[in-house]
Amino acid sequence: MAGSALHPVVLVVATTVVLLAAAPRGGEAITCSQVYGDLISCVGYLQGGPIKQQCCSGIKSLIAAARTTQDRRTACGCIKTAAAGLSGIDYGRVSQLPGQCGISVSYKISPNVDCSKIN
């Protein structure tokens, strides 16, 4: 099924992304559709292919959108719900993704993140 490959990728990438955004903002709340749309182009990289500029652009777009604590928690929850029980992602590549996109993070990226603890 074509959609199945997206879910574990989205879990890890969105977990990374939602943890990156910190500044408060006004505007509409983030949606699961937005999260998936921003991250779908990262699937190939996380399965062993080359990184695409669209992947990094999507991550940066999601960072810009997920600016409040609630947005970050919502995005994280979307990802965990979609990815529950799925596998097949190269988690080593997941850890490399922020650096590949010129984004630095000071914490371990994990699919086991507790979304309720995201600030």
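This one's a predicted model, so the numbers in the text were calculated from it and none came from an experiment. Side-chain atoms are counted along with the backbone in the values below, which use heavy atoms only and exclude waters and symmetry mates.
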Measure the [atom1]-[atom2] distance between [X] and [Y] for me, rounded to the nearest 0.5 Å.
X: Ile40; Y: Gln54; atom1: CD1; atom2: CD; value: 11.5 Å
X: Arg73; Y: Lys117; atom1: CZ; atom2: NZ; value: 10.5 Å
X: Leu46; Y: Asp90; atom1: CG; atom2: CG; value: 8.0 Å

Can a donor-acceptor pair be found, under 3.5 Å and without considering hydrogens, that links the side chain of Asp71 to the backbone of Ile30?
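Yes, the answer is positive, given that a donor and an acceptor are paired below the 3.5 Å cut-off.
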
Donor-acceptor check, side chain of Arg67 to backbone of Arg72, threshold 3.5 angstrom: yes or no?
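A pair under 3.5 Å: no.
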
Dump the intermediate steps for side-chain contact (heavy atoms from CB on, under 4.5 Å) on Tyr45 and Gln100, then the final yes or no.
CA-CA 10 Å; Tyr45 174 75; Gln100 291 288 326; 3.4 Å; yes

Would you please test Asp114 and Cys76 for side-chain contact (heavy atoms from CB on, under 4.5 Å) and show each step?
CA-CA 9 Å; Asp114 180 351; Cys76 179; over 6 Å; no

side-chain contact (heavy atoms from CB on, under 4.5 Å) for Leu97 and Ile103? Distances and angles first, verdict last.
CA-CA 8 Å; Leu97 188 57; Ile103 301 164; over 6 Å; no

Go through the structure and list residues passing side-chain hydrogen bond (donor to acceptor under 3.5 Å, both in side chains) with Gln70, not counting sequence neighbours.
Thr74

I'd like to know whether Cys101 forms a disulfide bond (SG atoms under 2.5 Å apart) with Cys55, so could you lay out the CA-CA distance, the side-chain angles of the two residues, the decisive distance to 0.1 Å, and finally the verdict.
CA-CA 8 Å; Cys101 292; Cys55 172; 4.7 Å; no

Leu39 and Leu62, any side-chain heavy atoms less than 4.5 Å apart
yes

Taking it one step at a time, do Asp38 and Ile59 satisfy side-chain contact (heavy atoms from CB on, under 4.5 Å)?
CA-CA 6 Å; Asp38 284 342; Ile59 290 172; over 6 Å; no

Please report the closest heavy-atom contact between Gly77 and Cys115, naming both atoms and the distance.
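Nearest heavy atoms, Gly77 then Cys115: N-SG, 3.6 Å.
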
